[in-house]
Structures are given as C-alpha cells and as structure tokens.
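Heads up: the structure comes next, in structure tokens.
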Number of protein chains: 2
Amino acid sequence: MCFGVTTMALAHSENEVVTMLKAVGLRVTPQRDAILRHILVYRGHSSADDIYRSIHERWPNISVSTVYNTLKSFSEAGLVKEITFGDGASLFDANTYPHHHMLCVQCGQLTDFYLPEMPDLTSVAKELCFQIDECQLEVRGVCANCQDIMKS
Amino acid sequence: MCFGVTTMALAHSENEVVTMLKAVGLRVTPQRDAILRHILVYRGHSSADDIYRSIHERWPNISVSTVYNTLKSFSEAGLVKEITFGDGASLFDANTYPHHHMLCVQCGQLTDFYLPEMPDLTSVAKELCFQIDECQLEVRGVCANCQDIMKS
DNA sequence: AGCTAGTTGATAATTATTATTAACTAGCTA
DNA sequence: TAGCTAGTTAATAATAATTATCAACTAGCT
C-alpha cells in the first residue's frame, strides 16, 4: 500500500535528507538518500517492497537487502518507525511524533491520528511492574471511503 | 512463546469445546477439538507453530495447513483473536474479552491487561468519518523479569 | 447405511525477512 | 588530493510464516 503524492517528490531538498542522515551519524550514500527521501515523500506508510520497487524503477541496481538493511539502520537511529500493525509486511513511517493508527479492515488503508494525551497507565504499570516505553492505540474499523462503497 | 500450564490440560471438558464449536456453526472434528482445547489451555498466546508442535507430538498425522485453516475459521467465527502485535508469527488468543497488550521488547513476552474504560475516540472518529469496530492499546516496554536481569 | 458438502493432509508455492560474503566506497587522514 | 579502512552494497542463498491446490476422507444430515 502506498498513498503518496508523486508531485511532492521534490519537496524534500537533498540537503534536508543529508542533514538528517548526518545528524544521527549515518554515512551518506545514494541508496540511503533515495530510501529516506522516498519515506519522507510517501508519508502514508510504505513497505520495504514499495520502497524497493519505486527506487528500482529509476535505479535497477538497488538490492532488496540494501532496502531492508537501510530500513533497519533508520529504525535504530530513530529516523523512521516500523509499524507491524495489520497483516502482511511491516510499514515504515517518517512520522516519529507519537501518534496512533486506524486500520481499515476493508481496504487496508492506515491512517494516523493524534490524541491530546496518552491514556493513564501508571497504575497498570505499577501493578505489573512493567516499564512502559511506548504506548499506541490501534483502531480497526471501516474508513469513510469503504463505508460509501458498502452503502451502494 | 507459550506460557501455559500442562497440568491444566483437562480443565476444559470435551463437552465445553464441542459446545463452543457447535454454537458458532462449525463442524466438530477431532482436529478442531484438539486445536481449540490447546488455545483454551494455553491462554498465554500460542502461535500456529506452537499449536502444531504440541498437537503433533501426540498425533503425528496432523497437518500444518489444518492448523492454519482451523485458526482462520476460529478467528472468523470469533472463537479466538489473532494478535499481530510484535515481530514474527501471529499469536492466537482465547481471551476474546476486550483487552490490551504489553509486549516486553527484551524477551517478547506478551501480557494482557484491562482498563476500566476505553479511551474516548468519538471526536476523532467523527472527524475522520471512520467507523470504529475495535480499539486496542499496544504497549512496549520491559517486563519485571527483564528489568531484574538488566540490573544484575 | 448412504450421500454430499465441508474438512483434512500432503505438498508446492508464495511472501517477508535475514544471513553471507566478496566487491565497493564514504569520508577520514597524511 | 591520493590512499586507507571500516562501513556499505549487491547478489545470492537460506529461513520463516503463510497461503494455495487438490485428491482422499468424514461429519452429520436424510
């Protein structure tokens, strides 16, 4: 799945991408540049395969394993977030700001949403002696579009 | 992963399992019986492979595809819930009562927890025109056990 | 007891991801 | 600015998880 807008492809300057990579101490290579730019442009969550195919079109030499390696580096560096919600392949999100997800069970579309505050889990955490690092709401349902389709 | 207690193996009578299957209109077969009983006993989330191995020990004739087919039927019928949280294989949960999950990023242990009420998402749902069917909190962090290990 | 649609087991195929490794190169250093 | 080296890449193989196919079998109706 990939809901990006192609005409935005130049919205992120080469400089911005290079700066991001350097900021987290990753070497700047053309492959990383292309992959990070893809993720930034197609904010709507791309899979490793989406990224591979897209870059491969223009640059047939890129390797699948490079895409996976790179995505792993990016995740570890905090540049992107891996989303394992839903079936099938992981998606990679440039939106590292804490947010939640709505998955349409009909079409698979994944939508970000935000809440003013996180649910209070202090008592649960205390009770289970669990150290909470991250907390996300994962909502399943039917998106506006698929509701329309079902009506007709 | 499998955190069950073997001595509970008889806690669920044949009758209970048969009743559950009939209640949702599924034919009663020895395979379905064994798989559903396994899930009920090992409430602590079993993967398809866990279930396959466990049943295969006593009944070497059972097939992997039967396990997958059966789990799919069970999910569709609402007897079990598939959990795709975390990396690797899906887990199957007999606990169909609404609840949330805590995943230990060190050891992979998945713990259920409950909240008195669901977060209020009516305004988000309205804004995005999204029909919400299900809502789960997915928490990542470190379990009590792994915290102890890290200290020492 | 016989029939039939639903189920199973064996196997192959597919999809997603990780491992391996020799060749290559980004960016430091002289 | 050339040379060095550790980090990176591409190609490929391997693995893991899941789905597809289909002939043989069987649960449960009649």
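Quick caveat, the model's predicted, so the values are computed rather than measured. Convention: sequence-line order gives letters A, B, ...; per-chain numbering from 1.
- In terms of position on DNA chain D, the residue among Q31(B) and F92(B) whose nearest nucleotide sits closer to the 5' end is F92(B).
- Taking T96(A) as the reference, nothing meets the side chain to side chain donor-acceptor pair (under 3.5 Å) condition, with sequence neighbours excluded.
- Applying a 4.0 Å cut-off to non-hydrogen atoms, the residues of residues 64-78 of chain A that approach DNA chain C are S65(A), Y68(A), listed by residue number.
- Toward the 5′ end of DNA chain C lies the nearest nucleotide of I62(B), the other residue of the pair I62(B) and D49(A) mapping further downstream.
- Taking all atoms of both residues into account, the shortest heavy-atom contact from T84(B) to S90(B) is CG2-OG, 3.6 Å.
- Looking at residues 81-88 of chain B, you'll see that no heavy atom sits under 4.0 Å from any atom of DNA chain D.
- Residue-level contact check: N61(A) touches the backbone only, with heavy atoms under 4.0 Å from sugar-phosphate atoms and none from bases.
- Considering only residues two or more places apart in sequence or on other chains, E138(B) meets the side-chain contact (heavy atoms from CB on, under 4.5 Å) condition with E138(A), F85(B), H101(B), Q136(B).
- Between the D33(B) side chain and the P30(B) main chain, no donor and acceptor come within less than 3.5 Å of each other.
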Let me see the working for L71(A) and E82(A) under side chain to side chain contact (heavy atoms under 4.5 Å, CB included), right down to the final yes or no. CA-CA 9 Å; L71(A) 290 171; E82(A) 184 172 355; over 6 Å; no
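- With a heavy-atom cut-off of 4.0 Å to chain A, the contacted part of DNA chain C has its first and last nucleotide at dA16(C) to dG27(C).
- When the side chain to side chain donor-acceptor pair (under 3.5 Å) test is applied to D93(A), the partners found at least two apart in sequence or on another chain are H45(A), H99(A).
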In dot-bracket, 5' to 3', how would DNA chain D read with Watson-Crick or G-U wobble pairs under 3.5 Å, [ ] for crossing ones and | for pairs to another strand? ||||||||||||||||||||||||||||||
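- When the C1' atom of dC29(D) is taken as reference, atom NZ of K22(B) falls 12 Å away, rounded to whole Å.
- For I149(B), the side-chain contact (heavy atoms from CB on, under 4.5 Å) test picks out no residue, with sequence neighbours left out.
- Where A89(B) and P60(A) each meet DNA chain D at their nearest nucleotide, the meeting point lying more 5' is that of P60(A).
- Residue pairs meeting the salt bridge (charged side-chain N to carboxylate O under 4.0 Å, His left out) criterion with at least one member in residues 116-130 of chain B: none, sequence neighbours excluded.
- Here dG7(D) presents its P atom at 11 Å from CZ of R32(A), a figure rounded to the nearest Å.
- E76(B) pairs by the side-chain contact (heavy atoms from CB on, under 4.5 Å) definition with K72(B), not counting sequence neighbours.
- Here the side chains of V80(B) and N95(B) are not in contact, with every heavy-atom distance at 4.5 Å or above.
- In the hydrophobic clustering, M118(A) connects to no other residue, as no ILVMFWY side-chain heavy atoms lie under 4.5 Å from its own.
- Take A125(B) and apply the side-chain contact (heavy atoms from CB on, under 4.5 Å) test, not counting sequence neighbours, and it matches I132(B).
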Between D112(A) and Y97(A), does a side-chain hydrogen bond (donor to acceptor under 3.5 Å, both in side chains) hold up when you go through it step by step? CA-CA 11 Å; D112(A) 291 353; Y97(A) 186 85; over 6 Å; no
